[in-house]
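Every number for a ligand or one of its atoms is a count from 1 in the order of the listing. Side-chain atoms are counted along with the backbone in the values below, which use heavy atoms only and exclude waters and symmetry mates.
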Amino acid sequence: MKNILITGVSTGIGLATAQYFISKNDYRVIGTIRNPDDGDKVYAQLGPNFIPILLDVTKMDSIKEGYNKIKLLCPEGLSLLVNNAGIAVSGPLKELELSDFEKQMDVNVNGVLRVTNTFLPLLGATLDAKIPPGTIINISSVSGIFNTPLLGPYCISKHALESMSDIYRRELSIYGIKVIVIEPGPTKSEIWSKAKKDSDKFLHTDYGRIWKGMVRRVEKSESSAIDVNILAEKIYKVYRKKSPSNRYIVTKNKFINWFTFYLVPDRIIDIGLKKALMKGIKR
Ligand SMILES: NC(=O)c1ccc[n+]([C@@H]2O[C@H](COP(=O)([O-])OP(=O)(O)OC[C@H]3O[C@@H](n4cnc5c(N)ncnc54)[C@H](OP(=O)(O)O)[C@@H]3O)[C@@H](O)[C@H]2O)c1
């Protein structure tokens, strides 16, 4: 049985991915949760091939504790690490509190660095490693390719993750460790409802009306978003590829997105976005 570690399996893409791998019968999934009740809930759902580990990606002590437990459980190493845990912080950069920006970066960027570096020995990252080289899959976003106004903190964090993934991929190639990025578009999960708690924060600013429209659009996009199981299947298939690409966009309207992200000049995008923002102000 191969051991795989997924961060953030309480809900969403992490939970679906844990479930998908377990359904294949060849994997023991170690999944991180922050709340022991979530561990019990997911264990009840996934059964004995699931091992919950309490771990907060912003806390080095908790990561080290998790590492020591997993090292004992998996002396043969990990075949796969999925850096999935993440949060979404949004709002106009001009109005943002620094602490909110720092929180975003601490989870989505520093958290990946902390977890990856801690677990690299279990992925075979030494020149004389007895452990076969593993794979790392980082869950980025289309927000790691395209910069959307009022989604700045999240986009910046995912752009940083894209860069970090490229650097890890090149540096870890000396050990034979693969690093792959998955870039989901809107996906049905709890990430936006978890973020919605303070959604009236920017209503009093120049961006108030645009913000209100954006919150409405996010609600709408939730209903047209893709199912987490599509992501889970993709992560599994990509992991199983002998020679995977560096990154995979997973969205509805893949071609339109790809065309917009890579072929439309910034100047044209800027004109369109300014028009939409001005319309939002007058609405
Ligand atoms: N949903 C989308 O539309 C979408 C699109 C593109 C990319 N993504 C990316 O997909 C990944 C998974 O998100 P999701 O949509 O499945 O959202 P989700 O359902 O909210 O799941 C996020 C997971 O991360 C965990 N987490 C949050 N902060 C953490 C921390 N400090 N330490 C450890 N775990 C932490 C959460 O645990 P708690 O339950 O304890 O908070 C939860 O298990 C994220 O990286 C996200 O950016 C999502």
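Minimum interatomic distance between Pro184 and Thr251 (heavy atoms only, all atoms of both residues): C-CG2, 4.3 Å.
The residues lining ligand 1, counting any heavy atom closer than 4.0 Å, are Gly8, Val9, Ser10, Thr11, Gly12, Ile13, Arg34, Leu55, Asp56, Val57, Thr58, Asn84, Ala85, Gly86, Ile87, Val107, Ile139, Ser140, Ser141, Tyr154, Lys158, Pro184, Gly185, Pro186, Thr187, Ser189, Glu190, Ile191, Trp192, Lys194.
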What pairs of donor and acceptor atoms, side-chain ones from residues 113-122 against any protein atom, are under 3.5 angstrom apart with sequence neighbours left out?
unit_1: Arg114; atom_1: NH1; unit_2: Val57; atom_2: O; d: 2.9
unit_1: Arg114; atom_1: NH1; unit_2: Asp106; atom_2: O; d: 3.4
unit_1: Arg114; atom_1: NH1; unit_2: Asp106; atom_2: OD1; d: 3.2
unit_1: Arg114; atom_1: NH2; unit_2: Asp106; atom_2: OD1; d: 2.6
unit_1: Thr116; atom_1: OG1; unit_2: Asn83; atom_2: ND2; d: 3.0
unit_1: Thr116; atom_1: OG1; unit_2: Val112; atom_2: O; d: 2.6
unit_1: Asn117; atom_1: OD1; unit_2: Tyr168; atom_2: OH; d: 2.7
unit_1: Thr118; atom_1: OG1; unit_2: Arg114; atom_2: O; d: 2.7

Would you list the atom pairs, donor with acceptor, under 3.5 Å between side chains in residues 11-20 and any protein atom, with sequence neighbours excluded?
unit_1: Thr11; atom_1: OG1; unit_2: Lys194; atom_2: NZ; d: 3.0
unit_1: Thr17; atom_1: OG1; unit_2: Ile13; atom_2: O; d: 2.6

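Scanning for side-chain contact (heavy atoms from CB on, under 4.5 Å) contacts around Glu97 gives Ser99, Asp100, Lys201, with sequence neighbours left out.
The cationic group of Lys24 lies under 6.0 Å from the six-membered ring centre of Tyr236 and within 45° of the ring axis, placing it in a cation-pi geometry.
With a 4.5 Å cut-off on side-chain heavy atoms, Leu78 and Ile30 count as touching.
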